[in-house]
Amino acid sequence: MSALIHPSAIVEDGAKIGEGVKIGPFCTVGANVELGDACELVSHVAVAGRTTIGARTRIFPFASIGHIPQDLKYHGEPSTLTIGSDCMIREGVTMNPGTEGGGMATVIGNNCAFLANSHVGHDTKVGNNCILSNNVMLAGHVTVGDFVIFGGGSAVIQFARIGSHAFVGGLSGLENDLIPYGMAMGNRAHLAGLNIVGLRRRGFTREQIHEIRRAYRLLFAEEGTLAERVEDVGNEFSAQPFVQEIIDFIRAGGDRAICTPREPVGSA
């Protein structure tokens, strides 16, 4: 099936358009854009820059995809934006390509949902199966794991890391790294426990959740330093891959501190 392009749309020479693509009224597609098979631009969508969009991704009106980064240090370098397959990008979403200072690439995984007016900043990496609710803001250089959910109006500071299966509550302002399976709430956000509901929905067993919860209580107990507790928990749960994911995340470190609870957690 060949592409269906509305007469009012503007597709520049050089754009690569896959089979079965639908480009609706008043869309613009730049010369360096690549649209995978069965993509749909519903209407009034502007796709620019060196942007690649995977198969079956659907983009709704007034989304701005691939235009130059909101970074005053950007000077026209040929950076990229790559969006995976089967994503839903709703009205008014903005996604920017990378910059020289951040690896030159912004990358979005597969099966993600970006609800109205959410923003993905330059050099940000978003994993698979993530959901950004309305008005979520990811600053530049953010790293997001798989299956992360952001509540409406939440914001993430630049260079923060968010581990897989985490949850950021609505209207939260996250200025630290959030561990895998963690739940952050508030402005400024604190670690408010584990994303137990999300883990159950994704098929984690009761025993797996119990072990993650036990490790969490030990990691954020009052005794010792965080570094000491990380070593103790890493040794005690050496055969538990889900716990080791948390340990590896903390050990890897980054530009931000680890998001912690407001009060020490009981180790019972």
Side-chain angles (χ1 to χ4, degrees), residues 30-36 46-54 57 59 63-85 87 89 92-115 117-133 135-150 153-164 166 168 172-180 182 184 188-189 245 248-259:
N32 296 309
V33 170
E34 182 174 348
L35 301 179
V47 187
R50 293 166 177 81
T51 297
T52 300
I53 300 175
T57 287
I59 308 180
S64 175
I65 308 299
H67 288 78
I68 66 171
Q70 299 177 95
D71 183 346
L72 298 179
K73 298 182 297 298
Y74 179 76
H75 53 79
E77 58 265 35
S79 56
T80 63
L81 167 64
T82 303
I83 300 170
S85 61
C87 291
I89 301 172
V93 169
T94 53
M95 296 181 177
N96 297 149
T99 66
E100 189 174 58
M104 296 286 286
T106 301
V107 180
I108 310 295
N110 303 320
N111 299 295
C112 292
F114 299 86
L115 303 191
N117 300 306
S118 54
H119 171 69
V120 178
H122 59 87
D123 303 293
T124 285
K125 308 294 188 292
V126 178
N128 301 312
N129 302 288
C130 293
I131 300 173
L132 276 69
S133 299
N135 302 302
V136 170
M137 298 171 285
L138 301 184
H141 310 276
V142 170
T143 302
V144 179
D146 297 336
F147 292 100
V148 176
I149 297 177
F150 297 87
S154 56
V156 180
I157 198 170
Q158 61 265 31
F159 295 100
R161 300 178 300 141
I162 300 173
S164 296
V168 180
S172 295
L174 183 64
E175 59 181 1
N176 299 116
D177 290 349
L178 177 59
I179 60 170
R188 295 298 196 252
E245 185 177 353
D248 292 343
F249 181 91
I250 296 174
R251 284 174 172 165
D255 293 275
R256 302 295 176 187
I258 294 293
C259 187

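Since the structure is predicted, the reported quantities are computational estimates derived from the model, not experimental observations.
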> In Å, rounded to the nearest 0.5 Å, how long is the span from NZ of Lys125 to CG of Leu138?
Replying inline: 12.5 Å
>> Please evaluate residues Leu174 and Cys259 with respect to the criterion side chain to side chain contact (heavy atoms under 4.5 Å, CB included), reporting the C-alpha separation (whole Å), side-chain torsions for both, the decisive distance (0.1 Å), and the verdict.
In response: CA-CA 8 Å; Leu174 183 64; Cys259 187; 4.2 Å; yes
> Does the side chain to side chain contact (heavy atoms under 4.5 Å, CB included) test come out yes or no for Ile59 and Ile53, once each step is laid out?
Replying inline: CA-CA 10 Å; Ile59 308 180; Ile53 300 175; 3.7 Å; yes
> At their closest point, which heavy atom of Phe249 faces which heavy atom of Leu178, and how far apart are they?
Replying inline: CZ-O, 3.3 Å
> Between atom OG1 of Thr51 and atom CE of Met95, what is the distance when rounded to the nearest 0.5 Å?
Replying inline: 10.5 Å
> Can you tell me if Arg188 uses its side chain to pair, donor with acceptor, with the backbone of Asn176 under 3.5 Å?
Replying inline: no
> Atom CD1 in Ile68, atom CG in Asn96: separation rounded to 0.5 Å?
Replying inline: 8.5 Å
> Any donor and acceptor pair, going by atom type alone, linking the side chain of Ser85 with main-chain N or O of Gly54 inside 3.5 Å?
Replying inline: no
> Which value, rounded to the nearest 0.5 Å, describes the distance between Ile162 atom CD1 and Ile179 atom CD1?
Replying inline: 12.5 Å
> Counting distance only, does the side-chain N/O of Arg50 pair as donor-acceptor with the main-chain N or O of Thr82 below 3.5 Å?
Replying inline: no
> Taking the side chain as C-beta and beyond, is there a heavy-atom pair between Val120 and Leu132 under 4.5 Å?
Replying inline: yes
>> Just verifying a value: how many Å separate Glu175 CD and Arg256 CZ, rounded to the nearest 0.5 Å?
In response: 8.0 Å
> Quick check: does any side chain N or O of Thr124 sit under 3.5 Å from a backbone N or O of Val142, one acting as donor and the other as acceptor?
Replying inline: yes
>> Going by salt bridge (charged side-chain N to carboxylate O under 4.0 Å, His left out), name the residues that satisfy it together with Asp71, two or more places apart in sequence or in a different chain.
In response: Lys73
>> Could you report the tightest heavy-atom contact between Asn111 and Cys87, atom names first, then the distance?
In response: N-SG, 3.9 Å
> Which pair of non-hydrogen atoms, one from Tyr74 and one from Gly76, has the smallest distance, and what is that distance?
Replying inline: CE2-N, 3.4 Å
> Taking only residues two or more places apart in sequence or in another chain, which ones pass side chain to side chain contact (heavy atoms under 4.5 Å, CB included) with Asp123?
Replying inline: Thr99, His141
> Between Pro97 and Ser79, what is the shortest heavy-atom contact and its length?
Replying inline: CB-OG, 3.8 Å
> Ser118 side chain to Val136 main-chain N or O, any donor-acceptor pair under 3.5 Å?
Replying inline: no
> Does Gly84 offer a backbone N or O that forms a donor-acceptor pair with the side chain of Thr57 under 3.5 Å?
Replying inline: yes
> If you look at every heavy atom in Ser172 and Ala184, which pair is closest and at what distance?
Replying inline: OG-O, 3.7 Å
> If you measure from CZ on Phe114 to CD1 on Ile83, what distance do you get to the nearest 0.5 Å?
Replying inline: 7.5 Å
> Listed by chain and number, what are the side chain to side chain contact (heavy atoms under 4.5 Å, CB included) partners of Ala46, not counting sequence neighbours?
Replying inline: Thr28, His67
>> Minimum heavy-atom separation for Val93 and Leu115, please, with both atom names.
In response: CG2-O, 3.4 Å
> Side chain of Asp146, backbone of Asn128: donor and acceptor closer than 3.5 Å?
Replying inline: yes
> Under 3.5 Å, is there a donor-acceptor pair between the side chain of Thr106 and the main chain of His122?
Replying inline: no
>> Can you tell me which residue among Thr143, Asp177, Asp255 is in a side chain to side chain donor-acceptor pair (under 3.5 Å) with Arg161?
In response: Asp177
